[in-house]
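Just so it is clear, the values below take in all heavy atoms, side chains as well, and ignore hydrogens, waters and symmetry mates. Residue numbers begin at 1 in each chain, while the letters A, B, ... track the order of the sequences.
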Amino acid sequence: MPLNKSVENLSEDEARGELRRLAKVLTNSNVAYHSEDKPNIDDATYDALKRRNQKIELRFPQLKLPKSATDQIGAQPKEGFQKIQHTIKMLSLGNAFNQEDVNDFVIRIKKFLSIPVAHPLSMVAEPKIDGLSLAVRYEKGKLVHAVTRGDGEIGEDVTANAKSIDDIPITIFDAPDLLEVRGEVYMGHSEFTALNDFQLNSKQKLFSNPRNAAAGSLRQLDARITRDRPLKFYAYAWGSISSPLGRTQTESVNQLKKFGFSVNPLFRRFETTDGLVEHYKYVEKIRPDLGYDIDGMVYKVDDLALQERLGFRSTAPRWAIAHKFPAEMAWTQLIDIDIQVGRTGALSPVARLKPVTVGGVVVSNATLHNEDYIRGVDSKGHKIRDGKDIRIGDYVQVYRAGDVIPKVSDVDLSRRPKDSIPFDFLKKLEAEGIEGHRADGDAVWRYSGKQPSPYLAIETLKHFVSRQAFDIEGLGTKQIEQFFDRGWITIPLDIFTLKNKYGSGQALQLKNIEGWGTKSASNLFDSIDQKREIPLNRFIFALGIRHVGEGSAKLLAAQFLTWNNFTRAMVEAVPESEPWEALLNIDGIGDVMAKSVIEPFQDVAQLNEINALVDQLVVLPFEQINKANSPIAGQTIVFTGTLEKMTRAEAKARAERLGAKVSGSVSPKTNILIAGSGAGSKIKKASEFGVRIMDEEDWISLIEET
DNA sequence: TATCCTCGAGTTCC
DNA sequence: CTCGAGGATA
């Protein structure tokens, strides 16, 4: 059958044969290109064949093969990329929304470092590009891989695609043996417009903004598509590195430039906060003419030694901040207010809006937080939005906080319908048939209806399989809802007994459900089996105990180390008992949390359920993160008195980075007491317990050993 | 007791 | 991303 016979003239039979033939050729070519890295046909031919395939499918949709090459591209990029763990986490940044926030940020840093507030501090500023972060790793000057930010810990391997970006060199000269360059992949305005013109002409989906276009292009499974997309890259930071690039941020960025990376031309250094803000205003003014999207400025402490001292908080460095430009606003009408039930029973109001475009995205829902937020006055009498309440029918101003979460920021009273009435939270709950209760001093209403409630049960299950908990592939929100509706999975235990009940034997019931076949069913059972081993901290988190998130679950796991220890202690932990004290001794756990943690273990029904669940699992002991071989790793340290060389906050951060636990009070479990000047009762207590006591000088020399 | 900091929980759209 | 609340600290 001739390839050049035009699609319009093909008979149905010819088309069927041609589709089969094309499928074979395209699949072979994909394998050759991706898996063997040796293309067997040239790009132009490949593209021509693919377009032809598409055209035939368009004309004879009924003939479309189940595994069409047109679908494969773009349909599975999620599975298509290998996951790679970042050696050094890719963190996000704290935000400043006005000059005051920036001042606070600089003052906080100076206090942390005990630099007088009036003293100058070198800071650098550069635009914050609205694109995607990428980490590019070089070994002996050769690009070995490029990984997207992902969740900060694990990203996707997009090496083949990154190599096609001109701003990213494949080879760099005189580089350190190991160099991981971090920067932003983005698309310029003119390139974006041109791409959308092309998409329009070829009847393909338009991109809503340059950022989405850049994301879509970088995450193409087919690197040839990425190559044709005009992506750019600005380098602004580094991750793992075998030798420093400089002593300051400025020197390091200059060095990156010498290696051949593009760096932002608006990078500047300033000695004062005013300088930073002036630069911010200048960039804001020229923003429309830059030719690419930015959403603010990033400020960093210039001196790398100071950056090191400042270190990191749980999600962001202390030494950097993003100063955001004001968000785009839009006005629209509030059609209704609905109530949503969360996992913990929190009843949250959600605004249903007349769809409106804000920052290139159509928004039709927005969070309203709680009853007070709607009323316009919080429980302490503080005004929100100048005290304007939000009513159904109102015209409201909407923006996307952090360019993501839609929020209602203002109400146009002049357009308020004459007959509108204030929103009555309780009445709404009654109308919906939801029993709720708002505790004294709390802002949230909570579900107070009969347990077990289907609302809570399903949210509990979603939490259980979520990424930070069991992370079971192929068992997401949709599947949980499907199984819940059938009554197959109503509690977490059911997930692990699913195969026995419905997946094997003569029944094989799962494959009879819509959307499930034998193959997908067995895939699901495999991925469930894979997760039967789970680290203690993840398991505690998965239980969904109120007040216990990822962080606190880790604290608990670190304290009790094994599931047996933990569960025994929780069963025995009545107030004033020894395990109760052990709980409260954990830095970060107080009585509210302690009470919450022991509750499920002291209720027979819940405890039985947990035990039955554990029977299906292997809960792995908590693994101490190897904090190198620091002399204080694993030790519990208490600071007291006034330290001269560093602030308490810095001392604490330093100790924690070296693997020590910093506690507030001396107990028999304390290993070291560091006593600054003016220390009192704690020294006495420490000597009673035989705790090692050292002064600030000893402490400094101890940490400088490492 | 008041204030600061950090974490948990809930949120949207693609 | 934001808000509220819990925990630590002064």
Rounded off to whole Å, could you give me the [atom1]-to-[atom2] distance for the [X] and [N] pair?
X        : N     : atom1 : atom2 : result
A:Asp372 : C:dG4 : CG    : P     : 7 Å
A:Trp445 : C:dG4 : CH2   : C1'   : 17 Å
A:Ile637 : C:dA8 : CD1   : P     : 17 Å
A:Phe105 : B:dC5 : CZ    : C1'   : 16 Å
A:Lys595 : C:dG7 : NZ    : C1'   : 15 Å
A:Ile589 : B:dC7 : CD1   : C1'   : 11 Å
A:Arg318 : B:dC4 : CZ    : P     : 17 Å
A:Glu371 : C:dC3 : CD    : P     : 18 Å

Exercise. When you check the phosphate oxygens OP1 and OP2 of C:dC3, does a side-chain N or O of A:Asn370 lie under 4.0 Å from one of them?
Worked result: no
For this session: Would you give a per-nucleotide map of nucleotides 8-14 of chain B, 5' to 3', where B means the base has a protein non-hydrogen atom under 4.0 Å away, S means only the sugar-phosphate does, and - means neither?
Result: SSSBBS-
For this session: Could you work out which one of C:dG7, C:dC3, C:dC1 sits closest to the side chain of A:Asn95?
Result: C:dC1
For this session: Specify whether A:Phe325 and A:Tyr280 have parallel, tilted or perpendicular ring planes, treating 30° as the upper limit for parallel and 60° as the lower limit for perpendicular.
Result: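 A:Phe325 vs A:Tyr280 ring planes: tilted.
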Exercise. With a 4.5 Å limit on heavy-atom distance, are the side chains of A:Phe423 and A:Arg391 in contact?
Worked result: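 Heavy-atom side-chain distance check fails, nothing below 4.5 Å.
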Exercise. Looking at side-chain heavy atoms only, is the closest gap between A:Glu371 and A:Leu426 below 4.5 Å?
Worked result: no
For this session: Indicate yes or no: does A:Lys462 engage A:Glu459 in a salt bridge with an N to O separation below 4.0 Å.
Result: yes
Exercise. Does the distance from a Lys or Arg side-chain N to an Asp or Glu carboxylate O, for A:Arg438 and A:Asp372, drop under 4.0 Å?
Worked result: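 So A:Arg438 pairs with A:Asp372 through a salt bridge.
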For this session: Determine whether more than 12 heavy atoms belonging to other residues, nucleotides or ligands lie under 6.0 Å from atom CD of A:Glu581.
Result: yes
Exercise. Across the strands shown, which category fits A:Ile586 at heavy-atom distances under 4.0 angstrom: base, sugar-phosphate, nothing?
Worked result: sugar-phosphate
Exercise. Contact class for A:Phe97 vs. all strands (heavy atom < 4.0 Å): base, sugar-phosphate, or nothing?
Worked result: sugar-phosphate
For this session: Is it possible for you to check whether A:Arg309 lies under 6.0 Å from the centre of the six-membered ring of A:Phe112, through NZ or CZ, and within 45° of that ring's axis?
Result: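 No, A:Arg309 and A:Phe112 do not form such a contact.
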